[in-house]
Amino acid sequence: MREVVVAANWKMHTTPADAGDLARTTAARTREPGVTRVICPPYPCLAAVGAALATADPDVAVGAQNVHDELAGAYTGEISAPMLAGLATWVIVGHSERRRDAGETDELIGRKLGRAVEAGLRPILCVGEQLDEREAGLATDVVERQLHGALAGRDPAETNAAGLVIAYEPVWAIGTGRNATGADAAAMSDAIRSSLDALGWGDFAAGMPVLYGGSVTSTNIDTFLAEPSIDGALVGGASLKPDEMAGIVARAGMTARARGLAG
Ligand code: PEP
């Protein structure tokens with residue numbers, strides 16, 4: 001049975017002074033057996049969140065929102081995978097805001113993924129189409145191209161062992177209040193698994209968690225988790241609100257129980 005994962009992407013919100021409190025409150029409100037919870041704060045808040053969770057709820061993992069594709073060097077302002085040791089155990093790669101703002105390509109994202117795996121970080125690889133691409137009927141082609149660009153040449157067994165999670169995040173749904181339908185998200189999740197199969201990752205496709213992300217709230221999470229091929233959510237804006245996270249993770253807990261993961 002596939003793992004159920006809810007990951008919080010705090011984006012460029014919180015400071016070291018307030019991040020620990022938010023992490024503690026979120027952890028306390030989201031204790032659901034069988035659900036893997038991850039909080040991804042900004043880099044300067046990783047230590048504060050890690051310290052808060054170590055005492056409040058060590059079951060909640062800490063993730064970074066990005067990682068550089070080189071190990072060290074003249075890259076002012078960047079953070080490499082080895083630098084995250086002791087601060088994070090997960091990392092988001094290929095978020096559409098980084099594709100948009102930092103011009104990240106699929107090939108670069110693939111190298112970041114490789115660095116994450118080498119460093120023992122669990123990667124969440126984000127893929128998703130723009131609105132015009134969906135309207136032109138190209139959504140699946142775009143996501144397949146992104147997966148191929150990031151994963152071709154990577155070792156499937158090693159990447160799977162690192163715990164790769166794929167997040168389908170249609171760009172037009174991120175931070176817009178407009179979400180995909182459960183049926184569309186499920187169809188893309190199936191397409192992602194077929195695409196992994198075509199890449200030669202077939203042995204792992206069926207077991208790899210696929211999350212939906214894009215304006216997820218406690219109100220619409222059921223739409224996604226009612227779909228057997230969706231294994232959780234990557235949550236942006238709503239992850240800053242403990243009430244919202246409580247509702248989202250409670251619904252994920254239902255899925256975990258139905259899958260026999262709740263112990
Ligand atoms: C995200 O940042 O990955 C995201 C899905 O954001 P939001 O939930 O705000 O759309």
Side-chain angles (χ1 to χ4, degrees), residues 4-14 19 22-23 26 29-30 35-43 45-46 49 61-67 88 90-102 104 109 112-113 116 121-131 133-134 139 142-143 146-147 150 164-182 184-186 188-189 192 209-225 227 230-252:
V4 176
V5 180
V6 177
N9 175 12
W10 286 1
K11 311 196 189 200
M12 198 171 73
H13 295 287
T14 69
L22 180 58
T26 303
R29 301 284 314 275
T30 58
V35 180
T36 300
R37 293 166 293 161
V38 190
I39 294 179
C40 303
Y43 288 133
C45 300
L46 287 170
V49 167
V62 182
Q65 297 174 14
N66 181 35
V67 68
W90 288 63
V91 65
I92 298 171
V93 292
H95 193 282
S96 63
E97 286 158 10
R98 293 210 53 85
R99 293 176 190 260
R100 178 196 69 197
D101 300 337
E104 292 191 4
I109 291 160
K112 290 177 176 226
L113 183 67
L121 295 162
R122 271 193 85 170
I124 301 177
L125 169 63
C126 300
V127 292
E129 79 288 354
Q130 304 281 344
L131 184 57
E133 294 166 333
R134 172 154 288 270
V142 168
V143 168
Q146 291 171 335
L147 284 173
L164 175 64
V165 171
I166 312 265
Y168 168 54
E169 298 211 308
V171 179
W172 48 270
I174 296 182
T176 58
R178 181 175 173 192
N179 57 273
T181 64
D184 283 346
M188 188 61 85
S189 177
I192 287 170
V210 176
L211 315 184
Y212 169 78
S215 297
V216 168
T217 64
S218 59
T219 309
N220 65 26
I221 183 67
D222 182 62
T223 316
F224 304 106
L225 291 184
E227 300 288 344
I230 307 282
D231 305 307
L234 178 54
V235 187
S239 72
L240 296 164
K241 301 176 187 157
D243 282 352
E244 283 293 311
M245 281 302 276
I248 291 166
V249 179
R251 177 60 187 81

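Atoms within a ligand are numbered from 1 in the order they appear, just like the ligands themselves. In what follows, residues are counted from 1 in the order of the sequence shown.
- Contacts between A173 and ligand 1, counted as non-hydrogen atom pairs separated by less than 4.0 Å, involve the backbone only.
- Distance check, rounded to the nearest 0.5 Å: CG of L46 to CD1 of I39 gives 11.0 Å.
- Heavy-atom contacts of L234 reach the following atoms of ligand 1: 3 (O), 5 (C) (cutoff under 4.0 Å).
- A salt bridge links R134 to E129: one of the charged nitrogens lies within less than 4.0 Å of a carboxylate oxygen.
- In plain terms, the two heavy atoms of Y212 and A173 that are nearest each other are OH-CB, 3.6 Å.
- Taking only nitrogen or oxygen atoms, main chain and side chain alike, I174 does not reach within less than 3.5 Å of ligand 1.
- With hydrogens and angles ignored, the 3.5 Å screen pairs a side-chain donor or acceptor of T217 with a backbone N or O of N220.
- Atom 9 (O) of ligand 1 has as its closest protein heavy atom G237 N, 2.8 Å.
- Taking a cut-off of under 4.0 Å to the non-hydrogen atoms of G214, the atoms of ligand 1 that pass are 5 (C), 10 (O).
- An N or O contact shorter than 3.5 Å is missing between T176 and ligand 1 by distance.
- If you check which protein heavy atom lies closest to atom 8 (O) of ligand 1, you get G236 N, 2.8 Å.
- Applying the 4.0 Å criterion to heavy atoms of K11 picks out, from ligand 1, the atoms 1 (C), 2 (O), 4 (C), 6 (O), 9 (O).
- A donor-acceptor distance shorter than 3.5 angstrom exists from the side chain of S215 to the backbone of G177, with no hydrogens or angles considered.
- Every heavy atom of S96 sits 4.0 Å or more from the atoms of ligand 1.
- Judged by the shortest distance from any of its heavy atoms, S215 lies inside the 4.0 Å radius around the atoms of ligand 1.
- Looking from atom 5 (C) of ligand 1 to the surrounding protein, the closest heavy atom is E169 OE2, 3.0 Å.
- The shortest distance between side-chain heavy atoms of I166 and V127 falls below 4.5 Å.
- With ligand atoms numbered from 1 in the order given, ligand 1 contributes 7 (P), 9 (O), 10 (O) to contacts under 4.0 Å with heavy atoms of G175.
- Heavy atoms only, all atoms of each residue included: Y43 and N66 are closest at OH-O, 2.6 Å.
- Under a cut-off of 6.0 angstrom, the local environment of NZ in K241 is sparse, with at most 12 non-hydrogen atoms contributed by other residues, nucleotides or ligands.
- Between H95 and ligand 1, a contact under 3.5 Å exists for at least one N or O pair.
- Of all the heavy atoms in K11 and Q65, the pair that sits closest is O-NE2, 2.9 Å.
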